[in-house]
Amino acid sequence: MEVDKIKESIKKAAQELFRKFGYHKTSVNEIARKAKIAKATIYKYFESKEDVLHALLMDYIRVSVDDLIHNYNTEMDEETHLTNLIMKTSRLSYTICNEFIGWDFIRESTNSQDFLKSLSNELEELLISSFTKVSDFRRDETYPQRLRFLIKSSKSIVFSFAFTSVSDSDVRKNFVSFQKEILPYLVKAALK
């Protein structure tokens, strides 16, 4: 097997197991068994299980962000576009937490919270650089800072209710509340 195929088989096996059992309940041995390789082979390409997760999530995020950025309606006004972008990004973050890592582990583990913070910072940078490159909307030198304000504010709010919600229905209810009651004001503030 060549390097890229081995890495892809590791990530594919990890993705299936993380989705089925959660990050915390999946071992490196199980990933190796599912990928039909030796455990040592995983460590040849990734330093840890966390690095496998990081690579897997960054692939998922890059594809999702490209889709978010490049498939927007050019007839949409900037306010609507930014609102849609933030909501789709929030859903993307939720999917990552829900399907790949597991909420119980996130709420209980300081390491997972640090990992998510680092990952969300990478997502933030990717969004800002992608959006400022392709955006047809008015831009000045403060545009990246205003966009960063919008993303950071939204991210903080979304993560706070995701970490404190008791059930998935609470998370969904909070998303709706965020979309209707908070996000419009954040977008308006970012556009001024």
Side-chain angles (χ1 to χ4, degrees), residues 15 18 23 50-51 53-103 105-107 109-165 168 170-192:
Q15 180 177 3
F18 293 160
Y23 171 80
E50 186 176 291
D51 283 348
L53 177 64
H54 184 268
L56 178 65
L57 293 179
M58 286 311 296
D59 289 350
Y60 180 77
I61 287 169
R62 278 188 201 94
V63 168
S64 298
V65 168
D66 285 346
D67 184 53
L68 291 174
I69 298 296
H70 296 293
N71 292 324
Y72 72 91
N73 181 346
T74 55
E75 296 176 15
M76 201 181 290
D77 64 86
E78 186 174 20
E79 189 173 322
T80 303
H81 179 62
L82 285 175
T83 299
N84 289 343
L85 179 70
I86 293 298
M87 284 310 296
K88 288 177 181 176
T89 303
S90 298
R91 286 186 192 104
L92 171 65
S93 299
Y94 176 80
T95 300
I96 288 168
C97 294
N98 195 45
E99 292 188 20
F100 292 97
I101 303 172
W103 288 109
F105 181 59
I106 290 168
R107 290 184 185 116
S109 170
T110 304
N111 289 345
S112 70
Q113 291 175 17
D114 291 341
F115 176 76
L116 277 177
K117 197 176 285 187
S118 171
L119 190 67
S120 71
N121 290 340
E122 289 181 56
L123 173 58
E124 178 183 313
E125 291 305 319
L126 185 60
L127 279 170
I128 290 168
S129 66
S130 299
F131 192 73
T132 53
K133 286 177 191 169
V134 301
S135 177
D136 294 331
F137 302 117
R138 69 179 192 285
R139 285 188 261 155
D140 59 23
E141 65 277 352
T142 66
Y143 189 77
Q145 290 86 10
R146 290 183 287 126
L147 190 58
R148 186 176 307 281
F149 159 79
L150 176 60
I151 292 169
K152 278 187 179 295
S153 301
S154 300
K155 181 175 69 172
S156 295
I157 293 166
V158 168
F159 275 123
S160 70
F161 67 67
F163 284 127
T164 58
S165 296
D168 282 345
D170 286 343
V171 173
R172 283 190 290 279
K173 184 173 72 177
N174 286 334
F175 266 114
V176 170
S177 176
F178 170 71
Q179 182 179 13
K180 291 181 178 178
E181 299 169 14
I182 300 170
L183 186 56
Y185 296 104
L186 290 175
V187 171
K188 283 181 173 69
L191 293 177
K192 290 187 177 189

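In this text, all values refer to a predicted model and were calculated from it rather than measured experimentally. Reckoned from all heavy atoms, side chains included, excluding hydrogens, waters and symmetry mates.
Annotation: the span from Glu122 atom CD to Arg62 atom CZ amounts to 8.0 Å, rounded to 0.5 Å. Note that CZ of Phe18 and CG of Leu57 are 8.5 Å apart. Values are rounded to the nearest 0.5 Å. His54 NE2 to Asp59 CG: the interatomic distance, rounded to the nearest 0.5 Å, is 10.0 Å. Taking CG of Leu147 as the reference point, atom OG1 of Thr142 lies at 11.0 Å (rounded to 0.5 Å).
Taking every heavy atom of both residues into account, Phe178 and Pro184 meet most closely at O-CD, 4.3 Å. Scanning both residues, Leu183 and Gln179, for their nearest heavy atoms gives CB-O, 3.9 Å.
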Next item on the list: Determine, step by step, whether Leu150 and Leu191 satisfy the side chain to side chain contact (heavy atoms under 4.5 Å, CB included) criterion, reporting the C-alpha distance in whole Å, the side-chain angles of both residues, the deciding distance to 0.1 Å, and the verdict.
Entry: CA-CA 9 Å; Leu150 176 60; Leu191 293 177; over 6 Å; no
Notebook entry, point to check: Taking it one step at a time, do Leu186 and Ile86 satisfy side chain to side chain contact (heavy atoms under 4.5 Å, CB included)?
Noted result: CA-CA 10 Å; Leu186 290 175; Ile86 293 298; over 6 Å; no
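For the pair Thr83 (side chain) and Glu79 (backbone), a donor-acceptor distance under 3.5 Å is present.
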